[in-house]
Undergrad: 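There's a structure below that I have some questions on.
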Protein chains: 6
Amino acid sequence: MTELVTFGETSLRLSPVGEERLETAEDVRMRVSGTESNVAVAASAMGADATWLSKLPDSPLGRRVQRTLHAHGVDTAISWAEAGRQGLQFAEQAPTPRADRLVQDRDRAAAASVTPGELPMDRIQRADATFVAGSTLSLSGDIVETAEAVLRAAGNGLVAMDLDFQPGLWSVEAARETLDGVFDAVDVLIANEDQAREIFDRTDEPRQFAHAIASKRSFDTVVITRSGRGALVCSDGVIHEQDGIEVDAVDPAGQHEAFTGAFLERVLSGAGASEALTYGVASATLARTIPGSMTTASREEVESLAADLDGGR
Amino acid sequence: MTELVTFGETSLRLSPVGEERLETAEDVRMRVSGTESNVAVAASAMGADATWLSKLPDSPLGRRVQRTLHAHGVDTAISWAEAGRQGLQFAEQAPTPRADRLVQDRDRAAAASVTPGELPMDRIQRADATFVAGSTLSLSGDIVETAEAVLRAAGNGLVAMDLDFQPGLWSVEAARETLDGVFDAVDVLIANEDQAREIFDRTDEPRQFAHAIASKRSFDTVVITRSGRGALVCSDGVIHEQDGIEVDAVDPAGQHEAFTGAFLERVLSGAGASEALTYGVASATLARTIPGSMTTASREEVESLAADLDGGR
Amino acid sequence: MTELVTFGETSLRLSPVGEERLETAEDVRMRVSGTESNVAVAASAMGADATWLSKLPDSPLGRRVQRTLHAHGVDTAISWAEAGRQGLQFAEQAPTPRADRLVQDRDRAAAASVTPGELPMDRIQRADATFVAGSTLSLSGDIVETAEAVLRAAGNGLVAMDLDFQPGLWSVEAARETLDGVFDAVDVLIANEDQAREIFDRTDEPRQFAHAIASKRSFDTVVITRSGRGALVCSDGVIHEQDGIEVDAVDPAGQHEAFTGAFLERVLSGAGASEALTYGVASATLARTIPGSMTTASREEVESLAADLDGGR
Amino acid sequence: MTELVTFGETSLRLSPVGEERLETAEDVRMRVSGTESNVAVAASAMGADATWLSKLPDSPLGRRVQRTLHAHGVDTAISWAEAGRQGLQFAEQAPTPRADRLVQDRDRAAAASVTPGELPMDRIQRADATFVAGSTLSLSGDIVETAEAVLRAAGNGLVAMDLDFQPGLWSVEAARETLDGVFDAVDVLIANEDQAREIFDRTDEPRQFAHAIASKRSFDTVVITRSGRGALVCSDGVIHEQDGIEVDAVDPAGQHEAFTGAFLERVLSGAGASEALTYGVASATLARTIPGSMTTASREEVESLAADLDGGR
Amino acid sequence: MTELVTFGETSLRLSPVGEERLETAEDVRMRVSGTESNVAVAASAMGADATWLSKLPDSPLGRRVQRTLHAHGVDTAISWAEAGRQGLQFAEQAPTPRADRLVQDRDRAAAASVTPGELPMDRIQRADATFVAGSTLSLSGDIVETAEAVLRAAGNGLVAMDLDFQPGLWSVEAARETLDGVFDAVDVLIANEDQAREIFDRTDEPRQFAHAIASKRSFDTVVITRSGRGALVCSDGVIHEQDGIEVDAVDPAGQHEAFTGAFLERVLSGAGASEALTYGVASATLARTIPGSMTTASREEVESLAADLDGGR
Amino acid sequence: MTELVTFGETSLRLSPVGEERLETAEDVRMRVSGTESNVAVAASAMGADATWLSKLPDSPLGRRVQRTLHAHGVDTAISWAEAGRQGLQFAEQAPTPRADRLVQDRDRAAAASVTPGELPMDRIQRADATFVAGSTLSLSGDIVETAEAVLRAAGNGLVAMDLDFQPGLWSVEAARETLDGVFDAVDVLIANEDQAREIFDRTDEPRQFAHAIASKRSFDTVVITRSGRGALVCSDGVIHEQDGIEVDAVDPAGQHEAFTGAFLERVLSGAGASEALTYGVASATLARTIPGSMTTASREEVESLAADLDGGR
């Protein structure tokens, strides 16, 4: 089994039940969501041996995060903090044309103060791949340093990063400056199309800017996901594309991470970029049909849909 | 109608549904709770014209707080903040002998930065009574200054304060030092028995320490509430006592504030200390039978139970 | 199998979920409740062949009442009305010392206009017993005439009536006058102790006034139920008593009717007053542990508890 | 801030949870809905100073209505009645092609007996605009007289009426006759297309009949709303149209009132008919995505969608 | 009223609430579902006098099945078993392209041991029609014998069978062999298109294979249902077709049985194949909009939609 | 950290929500429960390294069991079966005097066919302690053989068994005969008082029969738990007792296993019998306040209550 290590912050995500609004909802669903842990869950569902590294408050809320990851089959290595909050998100999902709303409340989260000494760096060194999301670097100066230490320690394995630009957390300029400082350690960059356009300031077609980004920053692989419209990969200069399929989405949260987890698991298992891409799109498609940010689609379900996608259906 | 103005921070209170625990609950009830707003609600239910002054984040969560107070018949004067969080509490109510758990998450709440210039000080000057809780002074240096300004501006009316010592917010020493700086502006001090023992370092009987506290700090009135066991008042040197009655409590949260709101409304309406005390105990008793921190017992219900209590039942 | 026919109005009963109040509840449980149909259900659960006669609006709400009775194993003979409302009750159950609240909303219910011609009078004539509740006679002049016709038609079988005085529906004086006009047709009168005291203006002990009532109105049998404290029967001049047992009540609604249904089934099956009384108390006790006004305690459960009661436990 | 006064009856609306049917639902959602109060809520959400005038039963159900309006930021002036019911509606929303069902149960509602003397007529005289719905005039002869008194007292401000023809309440003929008696007091008539066709007996295109209605009855402005297909205004003889946009509707109830509230707020603020129309359609569109009959879309959300609509998106 | 008797097994169907998955759902909805009882419910809703014959465990779970059928207006004749389980199904309904999942857990259900002696064979002989589903014959050798006895006893009335091939219960080969042994007793065969293709090994158009199947097995009537695309009947050699209409399906479970119940009721009432077909499609269409496997669409609702379908709308 | 291995069957436990009954409940809570896995959870909560060995069906239901154990911090070694059911229990908890009801549906569960070859016997050999419940041996002859193999393989560590006699699974005679065959491999026997009386046929006091059982079967330690009344241990011939404390029980299920898990963890960590007993009673007491069969009381909570118990409070 391939080993994937992910590092980052994970929040409790509170969402009104039954299409109510944050102003009026009395019943709220409390779930767990973090880009890096969602990716670990998706990779684990595909059969990878996935571990999530982080720092959490030593409180019922922090332990809630750990329990959820264990339930999803992900191993954890957590530094328990006396100080620091549990990161929170209040998320209201709205039917079109009403806009979704997301109240970020991750300021002073325990993870923001994590230092390299609080993480099992030997596990990172041994892992087949390491994954960090760009959003994690927005939380504090401390976590930027630690994330950079993680990425550089991971040199023997594959180093993957999700651009994951979230406007509620920092500005485009701040994101650009910080991420530019660590891109050289990254082998595989994964990005949502809209976020890639903003950070890399591109208006051309995804095929073109994927190529351009890969060349300019020397990424081996650049993946651009396009929500319901599929994804494309630029791998060693070659472009592969996979169309998406229409879904009556139950919960779009976590679809991008479901892509990433399945994509990485396939790459680590030796699959080609094209196969990994198809599996990624299949995993993301199923994730849109599942409530919550962490996919529970099994490897069999992903394989079956990937075969359909591959068959041109 | 008598006018009561209260000033302080108000949180969203998130509690697991159906006796689940914070580690495992997926369904959470989101309610609104703050000592000063709970008191305003209880006074309003008794017929007072109650207003709550504060600062809230200009977000769906902040607007939720305002909506709830309006639903309960309380007027609001709110300074809407671009920065600052919505204060939160995660509360797990446990059956004996398991201990209740309360995760305070009010750090950097918008209210912590409120200044006198952001409040309608003229309403305070005009009010028949002004109320602030001690816990509010724990949030920041800014809010201590503002609370003091509020208390001193309120000089023409009655000035009431709840000791409201919450260990999760500050230390006994810090509370003592800060509160000692404002006690001279206070006419009526209301305190839960256990908290009064801690802050004033008393081991004697409530009858005795109520007297001692009133004398030493020159409070006109000192009220000691004793949860299900009733309450007592030391008013102008005379002690009045009212026993409680046994209740199969649905939710003890807010009972103390229900006492305070009814007590103050009665005092402002010209009732004697003894009558106000009986109404306060009746209001607190009913609040224990009602879910949430804000009482919905009507004036008629409080009157009816007060009559029963008075009749020695 | 013995045949019991009951006649009367049945309402939809709307109650806040989870101890909320009518002022604030958003989630409401909609159940079916009517004294005569509750009695039919309890008798059917004991094995009787029970039928409920009435008039309902030809609407989804009226059909809801019919469906519920069928689910509980009761046969129905319903006159479907184009005009007239579905009777409603809004019920808020409160923990002591807060008072329960019941908003009666049965004015102009379809049943209020029922005429003898709309009922299958032959089924009444053939039945082993017929049951009507006093509250039914409060709804309209029409229904008083029809109820009287029912009671008089039932002459070959046992005629039972529950006093069922509900203050929200009519005054003590009106109830006395109307009920006095039909008591002569009644063989068995069942009454809650408090209601019996009000209507018959008695302050003496239940043993005494049961006797007095039976003598004065020539009832063969008078049953007095005493909520959780058991019940007593005065049958042919002899008093039988059965103590109740303490229960942590889930829902007291329908306990009295559960008594009546079981009591009547036993009497019709030839049991003595003492056995019927014990079964009635057992049925009522179990009904207090079951949500809703219609008991689902099986005959086996009632028998088992009756044996315990009988054994002096 | 502009002042809008609305007058009419408001019901509790009981709807099965989770697409169950009235025949089978045990869990029911209890909300508040009334054409005039829904309009007041929508106008208030846009920033107007809105007040609702009516008569309610002095019961927990009546107070529930008041609380809900206060939560939505609407002021109330209520005459509390000892007699009279709380109006009710049982609403079952059905997916196409199954028909929605609405059981009206507003007979003998307290509001039906309201007299002009029970209303603060001075507030009507002072208001910038007054709004009444045609459906209110179906409830009783008393309320027709009172509504007419309200409309005539409102002469200094804008007088707006919604046709609001509801077949479950009265016949086309009765509606025509009653409404014809008050149309002369009305400046702005708002009507759903289908209802306008029925009451005014028109089969031509909305552009044509809006014109014809305005001319014939001397309305300054006639608005025709067309559910998801937008709306049009005939104002001083000029037609303005605004297309709707497709929405995956969560709850269509209240969309028409959301239009009206936003339209009136814009008109009162001095906007032209075209801008008011666009805001109305935006408000209605958002209301279809929000559960319940009272919109919670903020002014910012309405503005943002109106800009999109205006930009031809 | 026409009498329909159905015989077969009925399960409790457990489904996750709110689009959760079986791996994670904590809240499960427990409903009742069985092909033969669903058909009886649909026929009863249309006005037929429907009875369901079976064997159930004498347990709360078995009694739950009976109660539900009574609520839906179906009469029952049940042999209560000391041994044997209550059949169960765990059903997870998934949005496309995720596949539905159904965990059959009906092994050793009490009904599998039913013998002809445990059934009221005289009711079968007297009935106007008898209905059995093919799936029932998969449960055990005993039930095959009993089903055959039922079908042969029913000779005076119409004998209808649903092919109802469920892959989780048996193989195509086993189904073919067993069903071939009883087809000669059947007058009307109803089959879903896909199942008919599998069992009869057909790849041609439904019009053609309906004809072929009818000829080859000497069925008087063959009905092919096509989910949302309508249905067709080959009756005495003539083909009738009815298109379906698009529905935003709430719960597709039970739609096929809703067709069958309405179709049989119409045929028994003397309607022609074409009318019965239209009613069947209307009933199935409405069933897709109703949660659960048992339709609650009234005769009026079916008639109204059938008229629309017939009018070519 | 001490290692505990447990072996046995684990079921899904389905319970009506909100005190409804199995006959009527539509909403059911689906939880996981098995004596051996509940013990592993309780030991893990205390800090032990606990592993559960078993066989589960390779279905969503089987995977649900595994996920839940991982969430609770228990490691698993599971043999995934193609055949065999997921064991089920339908549990209705009733308020006194109504009797609880438990419908066992564990026949043919996948675990019943487990063989030693399907288990990692080396983990058993290495473990500090091994635990099996007597109820597991009721399921099949195969599992008796496997359980015996497990107990005998565990010879280097402590071997603990819970008597766990469940009448719905087998007779007293069968239990006695089977258990007698394995008792010689057991070091620590834990038993509920009532079950111990039945299996060992004792009517004397617990102090006496604990002693007698230990002597006769050569157990090193015999523990007798007495529900809310505490527990006692006979260890090397010495009796230790610990009183219980009154609890307003939320859910008694799993309290006995919570005792066992904490008791074993303490014994394995070198604590004396008396301390282990106090911790066991504390753990059981807290478990009664927590919904579900698996405790979530933390080590800190157990320690705190144990200190209270020890202090004689």
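Chain identifiers are assigned alphabetically (A, B, ...) following the order of the sequence lines, protein sequences preceding nucleic acid strands; residue numbering begins at 1 within each chain.
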Undergrad: Which bit of T96(A) is near chain D, if near means a heavy-atom gap under 4.5 Å: side chain, backbone, both or neither?
TA: backbone

Undergrad: Using only non-hydrogen atoms and a strict under-4.5 angstrom cutoff, which residues of residues 273-292 of chain D touch chain A?
TA: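 Within residues 273-292 of chain D, near chain A: T285(D), L286(D), T289(D), I290(D), P291(D).
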
Undergrad: To the nearest 0.5 Å, what is the distance between OG1 (T296(D)) and CZ (R98(A))?
TA: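 Rounded to the nearest 0.5 Å, the OG1-CZ separation comes out at 6.5 Å.
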
Undergrad: Below 4.5 Å from any heavy atom of chain D, which atoms of R21(A) appear? Answer side chain, backbone, both or neither.
TA: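 Contact with chain D is through the side chain of R21(A) alone.
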
Undergrad: Taking non-hydrogen atoms and a cut-off under 4.5 angstrom, which of residues 29-39 of chain D neighbour chain A?
TA: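 Interface residues of residues 29-39 of chain D: R29(D), R31(D).
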
Undergrad: For chain A, which candidate among V17(D), V247(D), D251(D) shows the most heavy-atom pairs at distances under 4.5 Å?
TA: V247(D)

Undergrad: Ignoring hydrogens, what is the shortest heavy-atom contact between P95(A) and D248(D)? Give both atom names and the distance.
TA: CB-O, 4.0 Å

